2 protein chains.
Amino acid sequence: MSDRSDPFPTEETSPAGTLQERVYRELREEIMLGRFRPGEAMTIRGLAEKLGTSMMPAREALRRLVAERALDLLPNRRIAVPHMTPETFRELTEARVALEVLAARRAFPETDSALADQLDVINDEQDVAIAKGDWAGYQERNRAFHFALYERAPGRVLMPLIESLWLQIGPFLYLTRESLGTTYLEDRHVEAIAAIRDRDEDALALAVEQDIRDGMGGLPALLTQREARTATGR
Amino acid sequence: MSDRSDPFPTEETSPAGTLQERVYRELREEIMLGRFRPGEAMTIRGLAEKLGTSMMPAREALRRLVAERALDLLPNRRIAVPHMTPETFRELTEARVALEVLAARRAFPETDSALADQLDVINDEQDVAIAKGDWAGYQERNRAFHFALYERAPGRVLMPLIESLWLQIGPFLYLTRESLGTTYLEDRHVEAIAAIRDRDEDALALAVEQDIRDGMGGLPALLTQREARTATGR
DNA sequence: CCGCCCACAATGTGATCACAAATATGAGCG
DNA sequence: CGCTCATATTTGTGATCACATTGTGGGCGG
């Protein structure tokens, strides 16, 4: 009887409190919100010094983000923020549609009017952020909206995959920082909320799909334009 | 000219030749082919000793597999092969369908009769493995079949996600080891090959979807049955 | 005889160091 | 003045160690 004693000890992902966890979350947040320039290189020692720790936590945090495809491990063994090409961006969008529509459908039976109210609040906050020109706040609220919905779906498989995709999109957001207001910011959040209230699963799935496609629609063009600039100058 | 010099220096995943890479690949292979019992614990020092290295490579390989969800990091900070529940298994299947159908569609324009021939060979080898009762070989050839198809799709986003899913299914395969022959092993590989030859994208997508659903269809029942056994005894 | 507690072993985390490869720097030569 | 090659510096990888936490077993008290 060596293996017994509660086979499922509160299925958690990672024990907080470790240094590498703190470093990881900090970096992860910055990447997902697009604070790093695509192609920007990082060093273990540099990160360690910036965070005031030794090499080990920085090292493990970086390698973890590499494993989640949030960072690239170049053949020279240097770690850098991935480059963004229009093609990669399209692939990310397709993958997001496939997984997030699935997550929305899985979440649907667990949704209720309380969630709808909650999403309404987030949506309002997002509008405020737009009005204030708070680009980071806008992105953050958008993420909150999607994740609040998907997290209603039980299970431990889908969310990590979706989070990996959002992480990979992060560096791209860097290129859209100054474009708030000039870009088309209409989303399908109200349609999604309405679908939840109407108990219409297909409408919810459609709203999520369109929200992803619309929100990321006009951007590859802007990307190519920036790409050309960063390739030559810096 | 510090940032130039080929912006995409042979987009590789990780520089081979490092020790942790070797340890990682070895473990990864064993996990994906279902050689570990679900819930089985692993220690850094134990793995290091088994592989004849120091703690560091084992440590990084394990953490990388944790990041890819191939292993679980329990709250006690122990690393273990994930438990498999019927619900998690269903979620994995749904995610596989969503992503692999997408991958098949993206690969479709790049497929040709040469690939069809190649898949035919793999399929034959798979039949041989079944006839010989070579369970590991069967799993390996099945993976070869799917990946040979998906790898025709360009891009660096989809494949890692799919590989993560196959890794997560690995521990489940452990439970099916002795069931070769007793289980329903029909697949939709011939239909997929035919669809490629017929240049019928929808038929290919359907074949992939059915192959995944059929192949994993009867298994949750077998899973619950085993689960009950392993929960009490060992 | 049962339950609690404490000592001991095992384990993950973090720090530090050694080393080799890669990169940047600068001197010397054509 | 420009190119090349030697040298110094930076960086990732691997090894070793120290420490705190967790797991385990035995012994003491009830």
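Since this is a predicted model, take the numbers as computed values, not measurements. Naming convention: chains lettered A, B, ... in sequence-line order (proteins, then strands); numbering from 1 in each chain.
For the residue pair A:Met56 and B:Arg59, the shortest heavy atom distance occurs at CE-NH2, 3.0 Å. The two residues B:His83 and A:Arg156 come nearest to each other via the heavy atoms O-NH2, 2.5 Å.
Atom CG in B:Leu73 sits about 15 Å away from atom P in C:dT11, given to the nearest Å. Summarising the geometry, the separation between CG on A:Leu74 and C1' on D:dG12 is reported as 13 Å, rounded to the nearest angstrom. Look at CZ on B:Arg78: it is 15 Å from C1' on C:dT13, rounded to the nearest Å. Counting to the nearest Å, the P atom of C:dA18 and the CE atom of B:Met56 are 16 Å from each other. Atoms CZ (B:Arg63) and P (C:dG12) sit 10 Å apart, rounded to a whole Å. Here the P atom of nucleotide C:dG12 and the CG atom of B:Leu71 are 12 Å apart, to the nearest Å. The CD-C1' distance, from B:Glu49 to C:dT11, rounds to 14 Å in whole Å. Atoms CD1 (A:Ile44) and C1' (C:dT16) sit 14 Å apart, rounded to a whole Å.
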Mind listing the N/O atom pairs, protein and nucleotides 17-21 of chain D, below 3.5 Å?
none

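In this model, a donor atom of one side chain and an acceptor atom of the other lie less than 3.5 Å apart for B:Glu100 and B:Trp166. Between the side chains of A:Tyr24 and A:Glu29, no donor N or O sits under 3.5 Å from an acceptor N or O. Looking only at atom types and distance, the side chain of B:His189 has a donor-acceptor partner in the side chain of B:Asn142 under 3.5 Å away.
A:Glu60 comes within contact range of no nucleotide atom at all, as no heavy-atom separation falls under 4.0 Å.
With DNA chain D read from its 5' end, the first of the two nearest nucleotides for A:Met42 and B:Gly52 is the one closest to A:Met42.
For A:Arg35, there are no side-chain hydrogen bond (donor to acceptor under 3.5 Å, both in side chains) partners two or more places apart in sequence or in a different chain.
For the OP1/OP2 pair of D:dG23 and a distance below 4.0 Å, the side-chain nitrogens and oxygens of B:Asn76 include at least one atom meeting the criterion.
Under the salt bridge (Lys or Arg N to Asp or Glu O under 4.0 Å) rule, A:Glu163 has a single partner from A:Arg28, A:Arg96, A:Arg69, A:Arg143, which is A:Arg28.
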